[in-house]
Asks: 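I'd like to ask some things about the structure below.
Order of the sequence lines sets the chain letters (A, B, ...), proteins ahead of strands, with each chain counted from 1.
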2 protein chains.
Amino acid sequence: MAQAGEGRRNGRVTIREVAEDAGVSVAAVSKVLRDAYGVSEALRAKVRASMDKLGYRPLASARGMRGQTYTLGLVLPDLRNPFFADIMTGVNNALERTQYQVMMGISSSTAKLETGVVDSMIDRQMDGIILIGSTETRESLNSIATKKPLVAIGHHDPSAETFDTVNNNDQQGALLVVRHLVAAGYRDIAMLSLQGEPSSILSEREMGYRRGMIEAGLGGAINIAHSPQIMRDVQFATRRLLQGPKRPDAIFCWTDFIALEVISVATELGLRVPQDVGIVGYDNTMYCDFAQNSLTSIDQSGELLGLQATRLVIERINGRSDVEHFVVPPRLVARRSTSRKEG
Amino acid sequence: MAQAGEGRRNGRVTIREVAEDAGVSVAAVSKVLRDAYGVSEALRAKVRASMDKLGYRPLASARGMRGQTYTLGLVLPDLRNPFFADIMTGVNNALERTQYQVMMGISSSTAKLETGVVDSMIDRQMDGIILIGSTETRESLNSIATKKPLVAIGHHDPSAETFDTVNNNDQQGALLVVRHLVAAGYRDIAMLSLQGEPSSILSEREMGYRRGMIEAGLGGAINIAHSPQIMRDVQFATRRLLQGPKRPDAIFCWTDFIALEVISVATELGLRVPQDVGIVGYDNTMYCDFAQNSLTSIDQSGELLGLQATRLVIERINGRSDVEHFVVPPRLVARRSTSRKEG
DNA sequence: TGTTCTACGTGTATCGTTCTACGTTTTTCA
DNA sequence: TGAAAAACGTAGAACGATACACGTAGAACA
């Protein structure tokens, strides 16, 4: 085992060869590479020319031994949710003109895997880490933050001191949903939330839902069902809701693709979607727009979240140590799945 | 710029400290780490105990300097397509009991970005690279393969010598689609393919479509439209097809979410989906199952593809040099979007 | 004319691991 | 019993880049 392929490393140009070709010292080349102080424009040009000529590319492992690797780690909980693609677009935009590259890992929503992925990113000397939808405890996040600059997207902890957070206001988002549903004439509004690791964005959304219901004088109808992200379980939970003794006339789902599954189950049960039951999702992913779904949802500007998180983590790498908590306001996008008028 | 955060690297336990704690040489610890030849069970146990006690974790950068990093690079063209989640599941399963970790990068279907991501993975000393849906030229792939063990998923090149491929039989998949549609009574079957970088899986699917049409005596009705992956363009192309002089009665789309968009446009144009126009996708992603979509699609066992690709790349890392081309048969999953009977 | 700055470059120790080369002990076998 | 072979363990040189400590030349100042 573990034998590197023969001669695979061959042909790699080193900083030493560049230095020789350019007729300067190794240190000078390194300085050019890092835009460090102490190189004249002439020398820089000479070195650049040699690098281009020889096709030199710095080896991240070697850089990592003493300095940075110019790599950012991005941890996603799940590859199925297209919302993360929006975040990724923002991250890529933010990285456009920098030396940094992103590497992604998936934590699959399992706490054990999440720490595994994060540890693995620390081992691989990522200069900074962006965690999406983390379910880690505060101590755990603090511990990560002592090792690497850390920014959490989709994790509410406004009193966190050691890492930044980037969020939409989930509580307000849920509130908007309830207000919208009430305005559309729905009363028995249930919420379908995620079962599993406790997540702060979900508890915020649940809180917003409760507040909205109470605000509308529907405190007695509060009904939160929980289901894991597995389709079979979602179907089961949905049937339970829709076939139970007191059928809700609207269901607010914690994310879009769960809502799509709920629409599916409702349809199969012979319920018409806006009329018999209204459905709302969260994240406003591209699937909401399809005519067959036409799903009302909350837009939380994933691209902006990704952009901001990237900005923050790079700022931290460059030395910022005071905390920043960025919050974007959510926006409700109404579609047919909650419009009783024209259905 | 570029100053590592102060004291961040602190607290990292090195192999030297483990050796000291266990009372053995540094090299002995390294051998334990790599399961290398020449350590007794007693010594191994002693070292393992010290590693656990001190919380030692090997630093990938340092390993990469001389040996492997135990990291695999996975390049995806796009985060929006949930099909890749299936592949990823297979990859993760294959990696379960190994030392390897995966890092993902996105190439966003832009050739320039793709080489960028791959180069960046080579710079970061990935031990092997899995490329999904690559649009690189053969020379380009050969060049990558000289540097790192390489496996391509979703790229047909049965005569490639330097890298392995893992595919479903796309031509047969498309053939199955046409046969299914013909059997269901459709005749004017159009295909909606992807515009942009030439991709071998798409040309295979187009070929299969052509063959199927000719086989059914419908060679005169062959009609392949092309559109980029941007929703606006897909809508435009679809309208063109459905509002043109000779409206097709079925559309075969190169991937599921394009098919969903086509269903959406057709619905908005007042066409009923299985009756007026039949729609078929490819990949059999979870969205196909939703009642509101109920999309007929081709299952290409993404999980199996991921599993095999991972197996192959690890074999290559361990020294295999003869080529292997793995092909899985596609399977058609019929749903309502092509069933004219019960519409 | 000397002294002090500053800008520009260089030499080299160093990061944490792997791996080669080489001893020493234990086992095997004639 | 002795010699060869196998097993075990160690020392120390790499790997490629960074960054510290240090020279040197020219400019600025008195």
Side-chain angles (χ1 to χ4, degrees), chain A residues 1-20 22-47 51 54 56-71 99 122-125 127, chain B residues 1-4 6-20 22-47 51 54-71 99 122-125 127:
Chain A
M1 215 221 266
Q3 298 195 71
E6 305 79 358
R8 286 216 184 275
R9 192 161 328 165
N10 274 1
R12 185 123 205 152
V13 179
T14 73
I15 200 176
R16 213 168 306 273
E17 299 169 53
V18 173
E20 197 167 346
V24 298
S25 75
V26 167
V29 178
S30 174
K31 283 188 180 181
V32 171
L33 237 48
R34 292 171 287 135
D35 284 321
Y37 170 84
V39 277
S40 62
E41 204 43 64
L43 186 141
R44 185 185 309 275
K46 230 179 6 180
V47 170
M51 294 196 317
L54 302 176
Y56 168 78
R57 294 188 60 97
L59 191 70
S61 300
R63 303 183 105 175
M65 292 292 290
R66 293 193 60 82
Q68 307 182 232
T69 57
Y70 299 94
T71 313
Q99 283 203 64
I122 295 173
D123 296 343
R124 281 159 184 78
Q125 299 276 89
D127 295 334
Chain B
M1 221 220 263
Q3 297 196 71
E6 307 79 357
R8 284 212 187 276
R9 192 161 331 169
N10 275 359
R12 185 122 204 156
V13 179
T14 73
I15 202 176
R16 214 170 303 275
E17 299 171 52
V18 173
E20 197 167 346
V24 297
S25 75
V26 167
V29 178
S30 173
K31 284 188 179 180
V32 171
L33 235 49
R34 292 172 288 133
D35 284 320
Y37 169 85
V39 278
S40 62
E41 205 39 67
L43 186 142
R44 187 186 307 277
K46 228 175 13 176
V47 170
M51 293 195 320
L54 302 176
Y56 168 79
R57 293 187 63 96
L59 191 70
S61 300
R63 302 185 106 176
M65 292 292 289
R66 288 196 63 83
Q68 308 182 233
T69 57
Y70 298 95
T71 312
Q99 282 201 64
I122 294 173
D123 296 344
R124 281 160 186 79
Q125 298 276 91
D127 295 333

Asks: Which residues pass the side chain to side chain contact (heavy atoms under 4.5 Å, CB included) test with A:Ala62, sequence neighbours left out?
Replies: A:Leu59, B:Met65

Asks: Among residues at least two apart in sequence or on other chains, which ones pass side chain to side chain contact (heavy atoms under 4.5 Å, CB included) with B:Ala28?
Replies: B:Val24, B:Ser25, B:Leu43

Asks: The side chain of B:Ala62 lies closest to which of these nucleotides: C:dT18, C:dA7, C:dT17?
Replies: C:dT17

Asks: Search all heavy atoms of A:Tyr56 against all heavy atoms of A:Ile15 and return the closest pair with its distance.
Replies: CE1-N, 3.6 Å

Asks: If I take atom CD1 in residue B:Ile15 and atom P in nucleotide C:dT17, what distance separates them, rounded to the nearest angstrom?
Replies: 5 Å

Asks: Rounded to whole Å, how long is the line connecting atom CD of A:Gln68 with atom P of D:dT18?
Replies: 10 Å

Asks: Calculate the interatomic distance between A:Arg44 atom CZ and C:dG9 atom P; express it in whole Å.
Replies: 10 Å

Asks: When you measure from the side-chain N and O atoms of A:Tyr70 to the phosphate of D:dT18, is any distance below 4.0 Å, counting only OP1 and OP2?
Replies: no

Asks: Output the rounded distance in Å from CG (B:Asp35) to P (D:dA7).
Replies: 17 Å

Asks: Going by the rule side chain to side chain contact (heavy atoms under 4.5 Å, CB included), which residues pair with A:Ala45 if we only count those two or more places apart in sequence or in a different chain?
Replies: none

Asks: Could you pull out the closest heavy-atom pair between B:Arg12 and B:Arg57, with the gap in Å?
Replies: NH2-O, 3.1 Å

Asks: Please check if the side chain of B:Gln125 supplies one atom and the backbone of A:Ser61 the other of a donor-acceptor pair under 3.5 Å.
Replies: no

Asks: Could you state the atom-to-atom distance from CD of A:Gln125 to P of D:dG16 in whole Å?
Replies: 18 Å

Asks: Within less than 4.0 Å of OP1 or OP2 of D:dG16, is there a side-chain N or O belonging to A:Ser61?
Replies: no

Asks: Given atom CZ of B:Arg63 and atom C1' of D:dG16, what is their separation to the nearest angstrom?
Replies: 18 Å

Asks: Locate the shortest heavy-atom distance separating B:Leu54 from B:Val13; write the atom from each residue and the value.
Replies: O-CG2, 3.3 Å

Asks: Over how many whole Å does the gap from A:Leu59 atom CG to D:dA14 atom P extend?
Replies: 18 Å

Asks: Are any of A:Tyr37's side-chain N or O atoms less than 4.0 Å away from OP1 or OP2 of C:dA7?
Replies: yes

Asks: Grab the CD-C1' distance between B:Glu17 and C:dT17 for me, whole Å please.
Replies: 14 Å

Asks: Could you list the residues that satisfy side-chain hydrogen bond (donor to acceptor under 3.5 Å, both in side chains) with B:Thr14, not counting sequence neighbours?
Replies: none

Asks: Heavy-atom distance under 4.5 Å between the side chains of A:Arg44 and A:Lys31, does that happen here?
Replies: no

Asks: Nearest to the side chain of B:Ser30 - C:dT18, D:dT18, D:dG16?
Replies: C:dT18

Asks: Sort me out a list of protein N/O and nucleotides 10-14 of chain C N/O pairs below 3.5 Å, or just none if empty.
Replies:
residue, atom, partner, partner atom, Å
C:dT10, OP2, A:Ser25, N, 3.0
C:dT10, OP2, A:Ser25, OG, 2.9
C:dT14, O2, A:Arg66, NE, 3.4
C:dT14, O2, A:Arg66, NH1, 3.1

Asks: Could you work out how much the helix from C:dT1-D:dA30 to C:dA30-D:dT1 bends, comparing the axis of its first five pairs with that of its last five, to 10°?
Replies: 30°

